[in-house]
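Notes to accompany the following structure.
As the structure is a computational prediction, the values presented were derived from the model and not from experiment. Throughout, a chain's letter reflects where its sequence line sits, starting with A, and its residues are numbered from 1.
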Number of protein chains: 2
Amino acid sequence: MSNFQAFFDYIQEISGKLLSEDDKHLLMAHFRPKKLRKRQYFLQEGDVCKYIGFVIKGSARTFTVDEKGNEHILKLSLENWWLADFESFYLLTPSRFNIEALEDLELLQATNAQIEEFLKNIPAFSKMASVISQNYTIANQKRMQAAMNYTAEERYEDLINNYPHFLKRFPQNMIASYLGLSRETLSRIRKNSFK
Amino acid sequence: MSNFQAFFDYIQEISGKLLSEDDKHLLMAHFRPKKLRKRQYFLQEGDVCKYIGFVIKGSARTFTVDEKGNEHILKLSLENWWLADFESFYLLTPSRFNIEALEDLELLQATNAQIEEFLKNIPAFSKMASVISQNYTIANQKRMQAAMNYTAEERYEDLINNYPHFLKRFPQNMIASYLGLSRETLSRIRKNSFK
DNA sequence: TGATGACTGTGACCTAAATCACAAACATCA
DNA sequence: TGATGTTTGTGATTTAGGTCACAGTCATCA
């Protein structure tokens, strides 16, 4: 199935290792394709995040709703990103987050128990997992620093430099929320920044 | 050596697995004890973070200095925490961070190549690494959300709830910087919050 | 085609937190 | 013991960014 080809390519590229035919069959036997239409939820607040999803096509946002009803986007995800509330996924606690498709979404999903199997039995998969874990740690470190110490403008410039494609794929109000800004402030920053 | 006992206990507790005598000898052969006096640096901005340190005793802060000369604390570390700029440690790039002992510090340190060996050869060690990586991911997720969406008061309350011992071990100006606040603001929050 | 809902821009105003400045409390060490 | 550095408190002032309100633009779909 062509869905899986992109996934296999991704694993091999990130890990620098090849998947055997057996590896591929094991992955295909357990990762389940899933489609969501725009606005559908992959995860709802209060539910346990039973599945982790790998984005084949489309985009999604991970967000919370505060007591005043304001939404705060924690993560925006595109092709080749993993989708989960890791706290809930690892600990099986009810999630504080919602994950919603922003465009029609094609995923491959699996449970934590299945992931553990892949880690044990597929060297390329477990190498990929440790590389990703490193990348996440690095990205988190950077983003924390930006969130705490940078001004609104600096955070926006950072986004332009690091994730320029976000600007093409996501509307401004989503970007603003992701940066921890009001949409009005982002609009003004954009006005001032060029020209 | 008694330094190592605490370290072995830690690995066994986190991983839920026992270390064999061989495992222990391997760790003792490669993890090097290191002492730093208060104010000494474990890592200086611009240097590559060659070593990861495990804190046996004492405390440290990881911070940056911005163009105006202001310091921003990204991480405060105590006993049984790992000390490193992971970006620099994994990628061998020059670090943007400084790591400085806040109290006299006893560490066990190792290089990335040595860590890779332990991961390969010591099951308890690699299980510990994956548990820690999960915990980091969860903690980062929470802290990001707090940094972006919470007010100064809420962030301080969060700290009281999650890391009450920080208040005993670190001076207020360090706590303020860690929370991304000015020391004046933290002082006022404390004044208002009780009584 | 027009109508409804989503997204963006812009002004007026407000507020949380930073900055500046000075003083008090506390530690450390010769 | 006093002297010097470190940490904390508190007032006055400033500022980045939020909030509110309304208008304009754009897309979608019947």
- prompt: Checking A:R96 against A:F86: charged group under 6.0 Å from the ring centre and within 45 degrees of the axis?
  reply: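 Pair A:R96/A:F86 does not count as cation-pi.
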message: Does the structure place the NZ or CZ of B:R143 under 6.0 Å from the centre of the six-membered ring of B:Y178, at an angle of no more than 45° from the ring's axis?
response: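 Yes, B:R143 lies over the aromatic ring of B:Y178.
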task: Using only side-chain N and O atoms of B:T185, determine if any of them is under 4.0 Å from OP1 or OP2 of C:dA18.
output: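 So the side-chain polar atoms of B:T185 do come within 4.0 Å of the phosphate oxygens OP1 or OP2 of C:dA18, strictly under.
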Rounded to the nearest Å, what distance is computed from the [atom1] atom of residue [X] to the [atom2] atom of nucleotide [N]?
{"X": "B:H72", "N": "C:dA17", "atom1": "NE2", "atom2": "C1'", "value": "14 Å"}
{"X": "A:L102", "N": "C:dA6", "atom1": "CG", "atom2": "C1'", "value": "13 Å"}
{"X": "B:K191", "N": "C:dA16", "atom1": "NZ", "atom2": "C1'", "value": "17 Å"}
{"X": "A:R61", "N": "C:dA6", "atom1": "CZ", "atom2": "C1'", "value": "13 Å"}
{"X": "B:M148", "N": "C:dA17", "atom1": "CE", "atom2": "P", "value": "15 Å"}
{"X": "B:L186", "N": "D:dT7", "atom1": "CG", "atom2": "P", "value": "14 Å"}
{"X": "A:L179", "N": "D:dA16", "atom1": "CG", "atom2": "C1'", "value": "15 Å"}
{"X": "B:I189", "N": "C:dA16", "atom1": "CD1", "atom2": "P", "value": "11 Å"}

- prompt: Is the closest basic N to carboxylate O distance between A:R61 and A:E71 below 4.0 Å?
  reply: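 Yes, A:R61 and A:E71 are salt-bridged.
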query: Is B:R37 paired with B:D104 through a side-chain N to carboxylate O contact shorter than 4.0 Å?
result: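 Looking at B:R37 together with B:D104, the answer is yes, because their closest N to O distance falls below 4.0 Å.
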- request: Apply the ring pair (Phe, Tyr, Trp, His ring centres under 6.0 Å) test between B:F54 and each candidate in B:W81, B:F118, B:W82; give the one that qualifies.
  value: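 Going through the options one by one, the only one that passes is B:W82.
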- prompt: Do you know which of A:E103, A:R169, A:K38 makes side chain to side chain donor-acceptor pair (under 3.5 Å) with A:S59?
  reply: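 For A:S59, the side chain to side chain donor-acceptor pair (under 3.5 Å) test succeeds with only one of A:E103, A:R169, A:K38, which is A:E103.
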task: Would you mind telling me which residue lines up with the more 5' stretch of DNA chain D, A:R183 or A:E153, judged by nearest nucleotide?
output: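 Closest to the 5' end, via its nearest nucleotide, is A:E153.
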message: If you only use heavy atoms from C-beta on, which nucleotide in C:dC20, C:dA18, D:dG18 is closest to the side chain of B:E184?
response: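 When the side chain of B:E184 is considered, C:dC20 is the closest of C:dC20, C:dA18, D:dG18.
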Candidate pair B:S182 and B:T185, rule side-chain hydrogen bond (donor to acceptor under 3.5 Å, both in side chains), full reasoning: CA-CA 5 Å; B:S182 69; B:T185 297; 2.9 Å; yes
message: Regarding D:dG11, can its base be found pairing with the side chain of B:R188 as donor and acceptor, where the two atoms are less than 3.5 Å apart?
response: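 Answer yes: a donor N or O sits under 3.5 Å from an acceptor.
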- prompt: Counting only non-hydrogen atoms, which of residues 163-176 of chain A are less than 4.0 Å from DNA chain C?
  reply: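 Residues of residues 163-176 of chain A under 4.0 Å from DNA chain C: A:P171, A:Q172, A:N173.
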